[in-house]
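The first residue in the sequence is number 1, and the count goes up from there.
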Amino acid sequence: MYSFMGGGLFCAIIGNILIVVSTATDYWMQYRLSGSYAHQGLWRYCMANKCYMQTASIGAPKLFPWSHKMASEITGAVLWFVQAYWNATRAFMILSGMACFAGIMAGILSFTNFSAFERFSRSFAAGILFFISTLFVLLAMAIYTGVTLSFLGKRFGDWRFSWSYILGWVAMLMTFFAGIFYMCAHRMYESRRVVGSR
């Protein structure tokens with residue numbers, strides 16, 4: 001039981017670190033723009049060794065090189081959509097990090113013997129929190145992937161997902177396995193408790 005909890009705690013700590021690094025760094029997508037390489041994250045985009053905040057007004061001329069008349073008609077709705085998808089991805093990544101951190105705290109408490117809680121309830125709570133964290137990362141990655149493939153990727157000829165994006169998917173796997181490990185620990189504790197009560 002303790003080996004499952006230890007493995008789960010290890011996966012959760014690594015997963016939480018990856019969530020924070022993925023969310024904070026600026027390499028979700030790399031592309032070629034005006035003959036030079038650029039990259040962007042959830043908060044900033046960088047080009048020509050300078051980084052700018054990821055706002056709709058700054059990104060508009062670079063993302064939408066249409067005629068001025070057409071851009072003025074379409075840009076308002078499109079920019080709102082792009083900003084909403086960035087905000088949704090950011091929010092889900094932050095919520096995932098918070099759920100994973102809470103799961104880590106519950107997981108650490110699973111090793112202690114407080115009389116106010118049963119050990120199985122703490123390991124079960126940790127497992128549920130890790131699955132919630134997994135769900136939030138999955139939602140963030142799905143939103144970012146969907147919008148990038150269907151919308152942003154079409155605006156750039158030479159682009160690719162980069163390492164911050166990949167870390168997000170790896171973090172999802174780590175939090176999922178942490179949840180599996182803690183659920184296995186919970187099942188082992190329950191089966192021992194039932195056998196012991198006979």
Side-chain angles (χ1 to χ4, degrees), residues 2-31 37-47 49-56 58-59 82-112 122-149 152-153 159-186:
Y2 287 111
S3 59
F4 278 120
M5 290 191 313
L9 198 56
F10 174 76
C11 288
I13 290 169
I14 298 298
N16 205 22
I17 290 169
L18 293 178
I19 289 168
V20 170
V21 170
S22 175
T23 305
T25 53
D26 301 323
Y27 285 89
W28 281 61
M29 178 181 174
Q30 289 180 320
Y31 49 90
Y37 282 102
H39 55 89
Q40 73 178 26
L42 299 179
W43 309 98
R44 302 183 313 168
Y45 70 95
C46 303
M47 53 192 341
N49 295 326
K50 291 184 183 177
C51 293
Y52 308 94
M53 291 305 296
Q54 192 76 279
T55 61
I58 292 174
V82 170
Q83 193 66 35
Y85 113 88
W86 274 319
N87 288 338
T89 305
R90 291 172 189 154
F92 282 127
M93 289 300 283
I94 291 169
L95 287 171
S96 174
M98 291 168 48
C100 188
F101 183 76
I104 290 170
M105 293 298 109
I108 290 171
L109 289 176
S110 295
F111 287 101
T112 63
R122 286 176 286 188
S123 62
F124 183 76
I128 293 297
L129 285 166
F130 294 138
F131 285 137
I132 290 170
S133 177
T134 301
L135 176 66
F136 285 147
V137 174
L138 178 63
L139 288 172
M141 300 308 289
I143 290 168
Y144 189 87
T145 303
V147 173
T148 301
L149 290 177
L152 290 181
W159 70 275
R160 65 185 173 102
F161 292 115
S162 194
W163 61 267
S164 297
Y165 173 82
I166 294 166
L167 288 182
W169 285 109
V170 175
M172 186 194 75
L173 290 174
M174 296 303 281
T175 57
F176 178 74
F177 286 124
I180 293 289
F181 282 137
Y182 267 90
M183 286 301 169
C184 288
H186 168 67

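- Rounding to the nearest 0.5 angstrom, the gap separating the CD1 atom in Ile128 from the OG atom in Ser123 is 10.5 Å.
- Expressed to the nearest 0.5 Å, how far OG of Ser110 lies from CE of Met5 amounts to 5.5 Å.
- From Leu129, atom CG reaches atom CZ of Phe101 across 12.0 Å, with rounding to the nearest 0.5 Å.
- For the atom pair CZ of Arg44 and OG1 of Thr25, the computed distance is 10.0 Å after rounding to the nearest 0.5 Å.
- Classification of the Trp159-Phe161 ring pair by plane angle, with boundaries at 30° and 60°, yields perpendicular.
- The OG1 atom of Thr148 lies 9.5 Å from the CE atom of Met141; values are rounded to the nearest 0.5 Å.
- Residues Trp28 and Ile166 have side chains not in contact (no heavy-atom distance under 4.5 Å, counting atoms from C-beta outward).
- Trp163 and Tyr27 have parallel rings, their planes meeting at less than 30° on a 0 to 90° scale where 60° marks the start of perpendicular.
- Taking both residues in full, the closest heavy atoms of Ile132 and Ala99 are given as CG2-CB, 4.1 Å, listed atom of the first, atom of the second, then distance.
- Judged purely by distance below 3.5 Å, without hydrogens or angles, the side chains of Thr145 and Tyr165 pair a donor atom with an acceptor atom.
- Centroid-to-centroid, the aromatic rings of Tyr37 and Tyr31 stay 6.0 Å apart or farther.
- Considering only heavy atoms from C-beta on, Met29 comes within 4.5 Å of Tyr144 through its side chain.
- When all heavy atoms are compared, the tightest approach of Gly8 to Ala178 is O-CB, 3.3 Å.
- In this structure a side-chain-to-backbone donor-acceptor pair under 3.5 Å is present from Ser22 to Ser164.
- Met174 and Gly15 make their closest contact through CB-CA, 3.7 Å (heavy atoms, listed as atom of the first residue, atom of the second, distance).
- In this structure the side chain of Ile14 reaches within 4.5 angstrom of the side chain of Phe10, judged on heavy atoms.
- A 4.5 Å side-chain heavy-atom check between Leu9 and Phe111 finds at least one atom pair inside the cut-off.
- Taking the centre of each ring, Phe4 and Tyr182 stay at or above the 6.0 Å mark.
- Using modelled atom types, one side-chain atom of Thr23 and one backbone atom of Ile19 make a donor-acceptor pair closer than 3.5 Å.
- In this structure, CD1 on Ile143 lies 11.5 Å from CE on Met93, to the nearest 0.5 angstrom.
- Here the closest non-hydrogen pair linking Phe136 and Ser96 is CB-CB, 3.6 Å.
- Checking side-chain atoms of Arg122 against main-chain N and O of Ala106 turns up no donor-acceptor pair under 3.5 Å.
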Practice item. Applying side chain to side chain contact (heavy atoms under 4.5 Å, CB included), run through Tyr45 and Met53 and close with a yes or a no. Key: CA-CA 7 Å; Tyr45 70 95; Met53 291 305 296; over 6 Å; no
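- The two residues Cys100 and Ala12 make their nearest non-hydrogen contact at SG-O, 3.5 Å.
- Residue Phe130 forms a side chain to side chain contact (heavy atoms under 4.5 Å, CB included) with just one option from Ile104, Ile180, Leu135, and that option is Ile104.
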